[in-house]
Student: 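If you scroll down you'll find the structure; I have some questions about it.
Here is how names work: the chains are called A, B, and so on, in the same order as the sequence lines, proteins then strands, and each is numbered from 1.
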Number of protein chains: 2
Amino acid sequence: MTTGDLTGTGASSGGRTSRTAPKLEKLLSSSAGLMAQRGFSQTSIRDVANETGFSLGGMYYYFKSKEDLLYLIQEKTFSSLLEIQEAAASHDGTAEERLRKLIGNHLAYFLSHANELKVCTFELESLQDERYDRIAVLRRRYFSCMAHAVAEVLGESPNHPGVRHKTLFIFGMLNWIFMWFDPERDEPVDRLGDEMVDLVLNGLNGGKDG
Amino acid sequence: MTTGDLTGTGASSGGRTSRTAPKLEKLLSSSAGLMAQRGFSQTSIRDVANETGFSLGGMYYYFKSKEDLLYLIQEKTFSSLLEIQEAAASHDGTAEERLRKLIGNHLAYFLSHANELKVCTFELESLQDERYDRIAVLRRRYFSCMAHAVAEVLGESPNHPGVRHKTLFIFGMLNWIFMWFDPERDEPVDRLGDEMVDLVLNGLNGGKDG
DNA sequence: TCGTTTTTCGATCACTTGTTCGATTTATCT
DNA sequence: AGATAAATCGAACAAGTGATCGAAAAACGA
């Protein structure tokens, strides 16, 4: 129990596409839904069982612990998002275009994977040790991705402290959306992305003065 | 138990300044510290007892339930901050100056009451029913305060949807600070406030173009 | 069909949780 | 000092938690 695998109990090991894979996916997305709504620690393993139709013990065939379940969600979601973003960051075009794309992609991913992304955003601290470290690595890569774009727009070095701060301000805007977004009220997410980019690039004054 | 008081079990009722008041304060601030660090649901009432030196049952003289304890923290903290901000919002000067002041005040309050403010920011959902409603009212007033300043800077009506969004972007920047601020690394908070205001007013482009 | 592996179940364990309550101590007032 | 009220304690309870494990069932390959 000291070194063991981080994931495989049986289903997730090997990676072969057995008839098990779609069940794991449903398990992950149902769990993400519950955890996004109530939070990780307030979501019991029994809640997940009820939601998915599994029996209590039966689910432990798919993950080895509750924390492992959380890890699987974060690892899968974050890897997928990161892949999208690192691709976008290496595209041609102006720095401003890249930044616009990064923000737009993040919001689009938020729309299509709200639950999973919320769990990634707010439940890092519920992981420990190796699992924490592995997700933290993905986070840092994501941050670096955005920070580079910000630095380019500013014409500064990515190490400049102001760049770090401004990048974190942008992540604040992006991540805080989970706290208020209402699909009824705030419908067009493209529009929202434009508004955010506009604020980030030109501010409330709209680039009229300094 | 259907209607009962929201707070008073004995200590917090009446409001007279007995020798009990300082103990309540220590109880609240210690609890806020634990809850800020681990989250509300992962902070047990026994943790609070150990931290404060009280016995397990002895603390129930000061609050009537764990949720009540959380409510007391939020009510006290938020009221105090709100008072500061509503005063600042009604001062003379330009709209830009008012917005700058609101952001600066929030950051200053963050510095002096980090734990309590973090609890206010992230644990609203841990309250229910009346307690939730009461804190939600304070939140709406706070939002309104900021939204008015934003609207004035933009020269728009406070009801304009763009105003709502941009205000929420600003709160995102402000509240996300809890996730990354490191007093060693990000020392001067005044500077941080300036950077944020600068981004909010002029954007990354620094007001050079539109 | 039979034997084997994969998958599922249900009971159970050890542990932590918030809360209650009567008894006990401490402070306050006359 | 004695009586009343405020404050504190410690033991106990009921409920819920994550996790384990051997047995049973289902799917599979021969």
Student: Can you list every salt bridge (charged side-chain N to carboxylate O under 4.0 Å, His left out) pair that touches residues 159-185 of chain B, not counting sequence neighbours?
Tutor: A:Asp186-B:Arg164
Student: In this structure, how many angstroms lie between the C1' atom of C:dT8 and the NZ atom of A:Lys23, rounded?
Tutor: 8 Å
Student: Check nucleotides 22-28 of chain D for protein N or O atoms closer than 3.5 Å to its own N or O atoms and list the pairs.
Tutor:
residue: D:dA27; atom: O3'; partner: A:Arg19; partner atom: NE; Å: 3.3

Student: What pairs with B:Pro161 under side chain to side chain contact (heavy atoms under 4.5 Å, CB included), at least two apart in sequence or on another chain?
Tutor: none
Student: Give each protein N/O atom lying under 3.5 Å from an N/O atom of nucleotides 9-15 of chain C, with the pair distance.
Tutor:
residue: C:dC9; atom: OP2; partner: A:Ser55; partner atom: N; Å: 2.9
residue: C:dC9; atom: OP2; partner: A:Ser55; partner atom: OG; Å: 3.4

Student: According to side-chain hydrogen bond (donor to acceptor under 3.5 Å, both in side chains), who are the partners of A:Arg191, at least two apart in sequence or on a separate chain?
Tutor: none
Student: Only counting residues at least two apart or in another chain, list the ones meeting side chain to side chain contact (heavy atoms under 4.5 Å, CB included) with B:Asp92.
Tutor: none
Student: By side chain to side chain contact (heavy atoms under 4.5 Å, CB included), which residues pair with B:Ala108, not counting sequence neighbours?
Tutor: none
Student: Can you tell me the distance, in whole Å, between the CZ atom of B:Arg38 and the C1' atom of C:dT16?
Tutor: 14 Å
Student: Name each donor-acceptor pair under 3.5 Å that joins a side chain in residues 36-43 of chain B to protein atoms two or more places apart or in another chain, with its distance.
Tutor:
residue: B:Arg38; atom: NH1; partner: B:Asp47; partner atom: OD2; Å: 3.0
residue: B:Ser41; atom: OG; partner: A:Ser41; partner atom: OG; Å: 2.4
residue: B:Thr43; atom: OG1; partner: B:Leu34; partner atom: O; Å: 3.4
residue: B:Thr43; atom: OG1; partner: B:Gly39; partner atom: O; Å: 2.7

Student: Looking at D:dT8, I'd like to know if its phosphate oxygens (OP1 or OP2) sit under 4.0 Å from a side-chain N or O belonging to B:Tyr61.
Tutor: no
Student: Starting at atom OH of A:Tyr71, determine the distance to atom P of D:dG18, rounded to an integer number of angstrom.
Tutor: 21 Å
Student: Restricting to pairs with a member in residues 74-88 of chain B, which pass salt bridge (charged side-chain N to carboxylate O under 4.0 Å, His left out), not counting sequence neighbours?
Tutor: B:Glu86-B:Arg141
Student: Of all of residues 120-129 of chain A, which get a heavy atom below 4.0 angstrom from DNA chain D, listed by number?
Tutor: none
Student: Whole Å only: how far is the CD1 atom of A:Ile45 from the C1' atom of D:dT17?
Tutor: 10 Å
Student: What pairs with A:Glu67 under side-chain hydrogen bond (donor to acceptor under 3.5 Å, both in side chains), at least two apart in sequence or on another chain?
Tutor: A:Arg131
Student: Which residues pass the side-chain hydrogen bond (donor to acceptor under 3.5 Å, both in side chains) test with B:Asn115, not counting sequence neighbours?
Tutor: none
